[in-house]
S.K.: 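What follows is a single structure, and I will ask about it in a moment.
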Amino acid sequence: MEGVGTGAVAAATKYAEADITKLITWKKGTPVPYSLLANTFEAIAGTSKRLEIVAHLVAAFRAVLDTNPPDLLPAVYLCVNRVAPSHTGIELGIGEATLIKALCEATGKNEAGIKKAYEASGDLGVVAVGARSTQRTMFTPPPLTIANVLKGFRDIAQVAGSKSVDIKRGMIVKMLVAAKGNEPGYIIRSLQAKLRIGLAEQSVLVALAHAVHLHREGVKDKDGRLAEKLEAAAQVVKQAYSECPSYDVLIPALLEQGTADLLSRCHFMPGVPVKPMLAKPTTGVGEVLEKFTDTEFTVEYKYDGERAQVHVMEGGKTVHIFSRNAENNTPKYPDIVARLRGLLKPHVQSIVFDSEAVAYDPEKKKILPFQVLSTRARKDVSVGEIKVQVVLFAFDCLYLNGESLLHKPLTERREALYGALMEKEGQLQFATAKTSRDVEELESFLTESVEAGTEGLIVKTLADTYEPSKRSSHWLKLKKDYMEGVGDTFDVVPLGAFYGKGKRTGFFGAYLLGVYDPDTETYQTISKLGTGFSEEQLQQLADSMRPHIIPQPRPYYKWSDALVPDVWFDAVAVWEVKAADLSISPVHKAAVGLVDPSKGISIRFPRLIRVREDKSPEDATSAAQVAEMFRSQAVIKQQQVGYGCLWV
Ligand SMILES: Nc1ncnc2c1ncn2[C@@H]1O[C@H](COP(=O)(O)OP(=O)(O)OP(=O)(O)O)[C@@H](O)[C@H]1O
Ligand SMILES: [Mg+2]
Ligand SMILES: [Mg+2]
């Protein structure tokens, strides 16, 4: 067995010393006050050390477990700043204008004053805490509790109809009036769907695992193995959550029997999207053969469309289609929903398969590029009005007739797939595949794949399981581009913009781009993007970003005084760009500390490929990926020099 990380040992020691009774200010069996969380958030915001962040959360969760366990579920939702699992599509994200009005109403302050304070601090949460109420209320409202804050948020998220803005505002005012001390700040930030305390979901999962373990087994290290057990608990909880990303399932399972045997109670199930398995870039057939010397692998066409995880239940009566992001894409594809029933073999009652939805020309019987798919409407699509036809290329089977196949090898999953669905041209086809180790054969398969209108190949080991949410080295992508020395594309977040000159006066001529570092929860600049747009595209991008201008950069943006944009944006969009190469930069901050202690990495000559509607800013290219790409670029350069062909 692997050794236990020093982190776990330090954590175990910290927990043993923590006195959670100090936190408990309420009676056992009564609802836990929201102040427990607000104070915990405050403490977390005050440190950047993972270990301390997790320790604060563990203490709070233990206090909940000791006194009122049913409050653990709402507490966790509030920590991850969500009101429901993401596939339900129920989310917060109240606009600034509404929040400002609500703050005025709740505090009796005027709008100009609130706006001025907002301009100064750039954070409505800070404004909310500072804006003490000048109004007297007849009755002091009872303190906010964790359960009623979540319920309030849920209600607000679900108000619909013509008067919804006013109704929402009224509900927000009520919460703000009841909030005390630092609470209004976190209420406001939660409503904005931006907690901004540097709390990553992975940390919440670890804390949850540790708290549950300590609550059940005690904090004393009875056999010298506490650190090891805590680490094991965290692993199991993380895995359960990646198979079944729903706290509504995970937390009751944890409360019931702890982490022992958790995967048998919280596992993949149709209706809840599993996080998709991801692939790593490779540079050529040579590298693939080198990596997989002793491993059996297969190669498939890599289609350029949109990922579609298809859940079919009750013999086709219920169908859900989920995006790469676990969002519900079913309303976008009524045509697929309608055709699926006819494509199931008779013995198939339920199936979940992984596929790529690709635009298709039924007359020419040809697949079409992603750009065509992106013109298809996203919501309220009715079958009769569909202009862009799609074909599904199925490549994996995750579940069949009541049984999860996630832990089966790809060979078995593929057999299940081929045995469960019927192919029909232009409707549903299996991804073209080949199994070979021959360099020439693979090279020509790659050429073939590109001629067939795909992006290249995806190489998969045959003996491995499906690894939800992992960017695993069991799946390697081999795009034509990589071999031309370009490397994989980057998914970047526009953080700011520069006004244009000459013909571009009046709108943005260039953008400041950033990547995301989930370890520090910061956006770090990587490049300036200023060429390669059409005038029309420039206009569209400017229109899409203008509503997201903010008065000041967020405290979690890492940028340099040497390159300050004219306006800053909230981190809301993801753009896919192709770039020339990566270099250590005196200006940019991407992956700072990972390759060089104080300098970041930048990319040269980025060109916009597409706007990624299917990725959220936290799914942007990560700092660690940038560092990895930088290192592998150095290796390739060296190899190419070695082969006498200088890399340009
Ligand atoms: N045969 C296939 N097997 C697996 N994935 C495929 C296949 N054909 C197409 N794909 C698509 O390729 C994607 C992986 O490569 P791609 O470079 O497009 O990733 P991405 O969506 O940009 O995400 P990232 O860059 O974060 O990996 C998968 O998510 C899937 O949508
Ligand atoms: Mg793709
Ligand atoms: Mg990509």
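Ligands are counted one by one from 1 in listed order, and the atoms in each one are counted from 1 as well. Index from 1, following the sequence.
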S.K.: Name the closest protein heavy atom to atom 8 (N) of ligand 1, giving the residue it belongs to and the distance to 0.1 Å.
M.R.: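 Checking every protein heavy atom, the shortest distance to atom 8 (N) of ligand 1 gives Tyr303 N, 3.1 Å.
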
S.K.: Identify which of Arg610, Arg471, Glu576 has a heavy atom lying nearest to atom 27 (O) of ligand 1.
M.R.: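 The nearest heavy atom belongs to Arg471.
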
S.K.: Any Lys/Arg nitrogen of Arg307 or Asp614 sitting under 4.0 Å from an Asp/Glu carboxylate oxygen of the other?
M.R.: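 Not counted as a salt bridge, because no side-chain N and carboxylate O are separated by less than 4.0 Å.
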
S.K.: Would Lys558 and Asp517 pass as an ion pair if we require N to O under 4.0 Å?
M.R.: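 No salt bridge links Lys558 with Asp517.
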
S.K.: Taking non-hydrogen atoms only, is Ile458 closer than 4.0 angstrom to ligand 1 via side chain, backbone, both or neither?
M.R.: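 Side chain only.
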
S.K.: Could you tell me the residue and atom name of the protein heavy atom closest to atom 3 (N) of ligand 1, and the distance to it rounded to 0.1 Å?
M.R.: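 Of the protein heavy atoms, Lys460 NZ, 2.8 Å lies nearest.
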
S.K.: Are any non-hydrogen side-chain atoms of Val572 and Met545 less than 4.5 angstrom apart?
M.R.: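 The answer is yes, as the side chains (C-beta and beyond) meet within the 4.5 Å cut-off.
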
S.K.: Around atom CD of Glu296, are there more than 12 heavy atoms of other residues, nucleotides or ligands at under 6.0 Å?
M.R.: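 No, CD of Glu296 has 12 or fewer neighbouring heavy atoms, counting only those of other groups under 6.0 Å.
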
S.K.: May I ask you to say whether Glu403 pairs ionically with Lys408, meaning some side-chain N is under 4.0 Å from a carboxylate O?
M.R.: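 Salt bridge present between Glu403 and Lys408.
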
S.K.: Looking only at heavy atoms, is any part of Tyr301 under 4.0 Å from ligand 1, and if so is it the side chain, the backbone, or both, or is it neither?
M.R.: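 Looking at Tyr301 and ligand 1, just backbone atoms fall under 4.0 Å.
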
S.K.: With a 4.5 Å cut-off on side-chain heavy atoms, are Ile367 and Thr454 touching?
M.R.: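 In contact.
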
S.K.: How far is atom 5 (N) of ligand 1 from the closest protein heavy atom, and which atom is that?
M.R.: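 Nearest neighbour among protein heavy atoms for atom 5 (N) of ligand 1, to 0.1 Å: Phe395 CZ, 3.4 Å.
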
S.K.: Identify, for atom 10 (N) of ligand 1, the protein heavy atom at the shortest distance, and state residue, atom and that distance.
M.R.: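 Answer, as residue, atom name and distance: Glu356 OE1, 3.6 Å.
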
S.K.: Looking at Tyr523, Tyr556, Phe490, which hits ring-ring contact (aromatic ring centres under 6.0 Å, His included) with Tyr516?
M.R.: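 The residue from Tyr523, Tyr556, Phe490 that satisfies ring-ring contact (aromatic ring centres under 6.0 Å, His included) with Tyr516 turns out to be Tyr523.
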
S.K.: Nearest non-hydrogen atom to atom 21 (O) of ligand 1 belongs to which of Arg307, Lys280, Arg612, Lys615?
M.R.: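 Ranked by closest heavy atom to atom 21 (O) of ligand 1, first place is Arg612.
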
S.K.: Does the side chain of Gln429 pick up a donor-acceptor pair with the side chain of Glu425 at under 3.5 Å?
M.R.: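 No pair is found: no donor N or O on one side chain lies under 3.5 Å from an acceptor on the other.
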
S.K.: Going by the atom numbers of ligand 1, which of them fall below 4.0 Å from some non-hydrogen atom of Glu300?
M.R.: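 It comes down to these atoms of ligand 1: 1 (N), 2 (C), 3 (N).
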
S.K.: List every atom of ligand 1 that sits less than 4.0 Å from any heavy atom of Lys479, numbering the atoms from 1 in the order shown and giving each element.
M.R.: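 That gives atoms 17 (O) of ligand 1.
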
S.K.: May I ask you to list the atoms of ligand 1 that are less than 4.0 angstrom from any heavy atom of Arg324?
M.R.: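 Once the distances to Arg324 are compared, the set is 21 (O), 23 (O), 24 (P), 26 (O).
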
S.K.: Starting from atom 16 (P) of ligand 1, which protein heavy atom do you reach first, and at what distance in Å?
M.R.: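 Nearest neighbour among protein heavy atoms for atom 16 (P) of ligand 1, to 0.1 Å: Lys302 NZ, 3.4 Å.
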
S.K.: So does Arg610 pair up with Asp304, basic N to acidic O under 4.0 Å?
M.R.: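 Salt bridge between Arg610 and Asp304, a charged N being under 4.0 Å from a carboxylate O: yes.
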
S.K.: Quick check: Trp475 and ligand 1, any N/O pair under 3.5 Å apart?
M.R.: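 Not met; the criterion fails.
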
S.K.: Side chain, backbone, both or neither: which part of Lys477 comes within less than 4.0 Å of ligand 1 when only heavy atoms are counted?
M.R.: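 Side chain only.
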
